[in-house]
Amino acid sequence: MFIPDSDVKILRDLAKRVLEVSHDPVNVERRNEWFRHRRLEPGRPMILIEQGEIGPLVGIGERCICKDNWARGQEYGMRSKLYMFEEVQDDHVVEPTVYAMWGVGSTDYGVQPVTHSAPTADGARGSVKWDPPIQDLDKDFDKLKPRTFSVHREGTLEEKARLEEVFDGIFDVQVGGWFWWTMGMTGTAINLIGLEGLMMAMYDNPKGLHRLMAFLRDDHVNHALFVEKEGLLALNNRDHYIGSGSLGYTHELPSPGYTEGGPVRLKDQWVLSESQETVGVSPAMFDEFIYPYQLDLMKRFGLTYYGCCEPVNNRWHILKNIPNLRAISVSPWADQDVMAEGCGRKVIFCRKPNPASISTPKFDEEALKADVRATCQAARKCNFEIVMKDIHTFSGDRTRPVKWVKLAREVCDEFFA
């Protein structure tokens with residue numbers, strides 16, 4: 001790929017700035033604080049605002065000047081990191097590393113839902129309806145086929161070589177892999193049989209639902225074992241995105257027995273599991289139809305982060321038994337007091353404030369402070385982090401990420417300074 005010399009200069013100059021920031025005392029302190037936090041030692045809460053979501057809202061793309069599309073992508077990533085460090089000043093950590101991601105492909109399950117979406121005038125995401133391909137779990141089950149997987153090694157190694165050529169002497173170039181945002185499986189099940197189909201099957205066809213969940217568990221295990229056997233796994237124990245909005249910093253991974261530079265195993269990684277779609281079912285039904293299949297997957301990994309938007313307080317008595325549970329999502333709809341009592345210093349309390357509070361036309365600072373203050377009060381005896389995520393608008397006010405982080409720190413300092 002030909003990249004103009006002017007673009008290479010822009011990228012290398014930015015990379016040198018990123019390298020400089022990675023050694024900044026503030027950045028080093030944040031890195032150390034994450035390790036302390038993951039060790040479950042007392043200290044200040046960690047504060048994040050999700051980087052990938054806010055970039056388009058604050059105009060990171062408008063700052064990019066490279067002409068080549070590939071170069072613009074690299075530039076966008078570095079300018080995003082610098083924006084977070086220099087302006088937002090949350091607890092994201094800047095590392096002098098760039099990744100070439102393994103190109104792993106898979107087949108589908110032999111069936112595809114038919115989707116119907118409503119067009120929107122402004123191009124924003126609208127409502128989507130889908131017709132699940134499995135209408136009858138007994139009659140249609142044989143339509144399902146386990147996925148098969150493949151890896152495009154040549155393309156990935158070409159990308160690695162390109163990165164090494166551009167960032168030679170500045171960045172550490174690594175080959176990585178990001179194969180599962182979630183191992184929760186309920187979203188996949190709903191794509192196949194529908195939300196009503198999943199919920200009604202718990203009453204009408206429990207045997208059929210158990211059969212489906214076992215099929216999905218076995219398929220997800222096969223996926224995990226494929227990438228492990230092919231040597232495609234990479235450690236996710238530093239600035240990697242883990243769970244539903246956190247960072248992977250921990251000295252507990254890789255697990256004992258790992259050889260430096262050797263193949264990464266499933267037990268050397270963080271994994272995310274969640275079941276947002278089943279908030280409408282009882283804890284007992286979750287325990288019967290969902291949790292056992294998720295547990296079979298979670299136990300294969302080193303550390304588990306559980307949850308996303310679902311309120312997990314009424315399932316805590318189940319989830320607390322996950323043997324490698326290290327962090328749990330406390331969504332806007334969760335009972336913070338119940339979760340704080342359950343987490344203590346054993347499990348990290350990962351608070352997700354309601355993103356509507358930062359998105360409305362009026363930026364109500366007092367309400368935002370009260371929200372953070374309530375979390376600090378509830379979780380003051382926990383290791384906790386506050387992650388503002390799922391943001392889709394700032395109502396045109398690009399200063400809001402900076403403002404929110406500042407006020408969140410001010411409130412946290414009232415309790416932990």
Side-chain angles (χ1 to χ4, degrees), residues 18 21-22 27 30-31 33-35 37-38 45-58 60 73-74 76-85 88 90-104 171-184 187 224 227 232-254 264 266 268-274 276 298 301-309 324-331 348-353 355 384-392 401 405:
V18 170
V21 165
S22 73
N27 193 64
R30 290 175 186 161
R31 185 187 295 120
E33 281 294 291
W34 276 107
F35 284 124
H37 180 62
R38 292 285 183 244
M46 308 304 289
I47 298 172
L48 293 175
I49 185 165
E50 195 154 84
Q51 177 178 327
E53 292 176 338
I54 69 173
L57 301 178
V58 298
I60 298 298
Q74 298 298 319
Y76 186 97
M78 289 187 288
R79 290 196 185 279
S80 295
K81 288 184 177 182
L82 293 173
Y83 164 75
M84 298 300 291
F85 180 81
V88 176
D90 68 348
D91 285 315
H92 274 95
V93 179
V94 176
E95 299 288 1
T97 307
V98 65
Y99 296 92
M101 308 302 287
W102 287 116
V104 173
F171 280 168
D172 176 29
V173 178
Q174 297 182 11
V175 178
W178 200 66
F179 307 113
W180 35 72
W181 176 76
T182 174
M183 281 290 201
V227 293
L232 308 179
L233 295 174
L235 296 176
N236 58 355
N237 60 348
R238 291 296 183 268
D239 63 325
H240 308 86
Y241 185 105
I242 61 103
S244 54
S246 194
L247 301 181
Y249 286 98
T250 179
H251 289 308
E252 292 185 52
L253 298 175
V264 174
L266 294 173
D268 298 321
Q269 286 199 316
W270 283 93
V271 71
L272 166 69
S273 191
E274 43 73 45
Q276 302 171 81
M298 292 184 287
F301 290 81
L303 293 173
T304 292
Y305 181 119
Y306 195 94
C308 190
C309 289
N324 57 359
L325 180 66
R326 178 49 53 89
I328 194 157
S329 178
V330 182
S331 78
I348 294 171
F349 179 109
C350 304
R351 176 62 174 172
K352 312 290 177 52
F384 75 95
E385 55 200 59
I386 304 176
V387 184
M388 181 64 78
K389 67 185 298 290
D390 298 322
I391 307 160
H392 302 298
V405 169

Which atom of L253 lies closest to which atom of G302, heavy atoms considered: CD2-CA, 3.8 Å

Working for side chain to side chain contact (heavy atoms under 4.5 Å, CB included), residues V330 and C350: CA-CA 5 Å; V330 182; C350 304; 5.7 Å; no

Any donor-acceptor N/O pair, W34 side chain to R238 backbone, under 3.5 Å: no

Residue of the set E50, K352, E274 for which side chain to side chain donor-acceptor pair (under 3.5 Å) holds with S244: K352

Residues N27 and S22: side-chain donor-acceptor under 3.5 angstrom: no

Side chain to side chain, Y241 and W181, heavy atoms closer than 4.5 Å: yes

CA sep, side-chain torsions, deciding dist, call: L232, F179, side chain to side chain contact (heavy atoms under 4.5 Å, CB included): CA-CA 9 Å; L232 308 179; F179 307 113; 3.7 Å; yes

For the student: nearest non-hydrogen atoms of R38 and Y249, plus distance: CG-O, 2.5 Å

D90 side chain vs I49 backbone, donor-acceptor pair below 3.5 Å: yes

Test item: R326 side-chain N/O and I348 main-chain N/O as donor-acceptor pair under 3.5 Å: no

Modelled atom types, side-chain donor and acceptor of Y83 and H92, under 3.5 Å: no

Which atom of P353 lies closest to which atom of I386, heavy atoms considered: CG-CG2, 3.6 Å

From CA spacing to verdict: side-chain hydrogen bond (donor to acceptor under 3.5 Å, both in side chains), T250, N237: CA-CA 5 Å; T250 179; N237 60 348; over 6 Å; no

Candidate pair Q269 and V264, rule side chain to side chain contact (heavy atoms under 4.5 Å, CB included), full reasoning: CA-CA 8 Å; Q269 286 199 316; V264 174; 4.2 Å; yes

Parallel, tilted or perpendicular: rings of F35 and H251 (30°, 60°): parallel

G245 to L48 - nearest heavy-atom pair and separation: O-CD1, 3.5 Å

Test log, rule side chain to side chain contact (heavy atoms under 4.5 Å, CB included), inputs I328 and F349: CA-CA 6 Å; I328 194 157; F349 179 109; 5.8 Å; no

Residues in ring pair (Phe, Tyr, Trp, His ring centres under 6.0 Å) contact with Y305, at least two apart in sequence or another chain: none

Which residues share a side chain to side chain donor-acceptor pair (under 3.5 Å) with Q74, sequence neighbours left out: none

Close side-chain approach of Y99 to V175, heavy-atom, < 4.5 Å: no

Backbone N/O of G248 and side chain of W270: donor-acceptor pair under 3.5 Å: yes

Backbone N/O of I242 and side chain of S246: donor-acceptor pair under 3.5 Å: no

pair P254-L235: side-chain heavy atoms closer than 4.5 Å: yes

M46 backbone acceptor or donor facing H37 side chain under 3.5 Å: no

Side chain E385, main chain R351, donor-acceptor under 3.5 Å: no

Backbone of I391 reached by a side-chain donor or acceptor of E53 within 3.5 Å: yes

W180-F301 aromatic ring centre distance below 6.0 Å: yes

Side chain D172, main chain V98, donor-acceptor under 3.5 Å: no

Side-chain donor/acceptor of S329 to backbone N/O of C308, under 3.5 Å: yes

Presence of salt bridge, E95 and K81, under 4.0 angstrom: no

Heavy-atom pair of closest approach, residues T182 and S273: OG1-CA, 4.2 Å

Smallest separation among heavy atoms of D268 and N236, with atom names: O-OD1, 4.4 Å

F384: ring pair (Phe, Tyr, Trp, His ring centres under 6.0 Å) partners, not counting sequence neighbours: F416

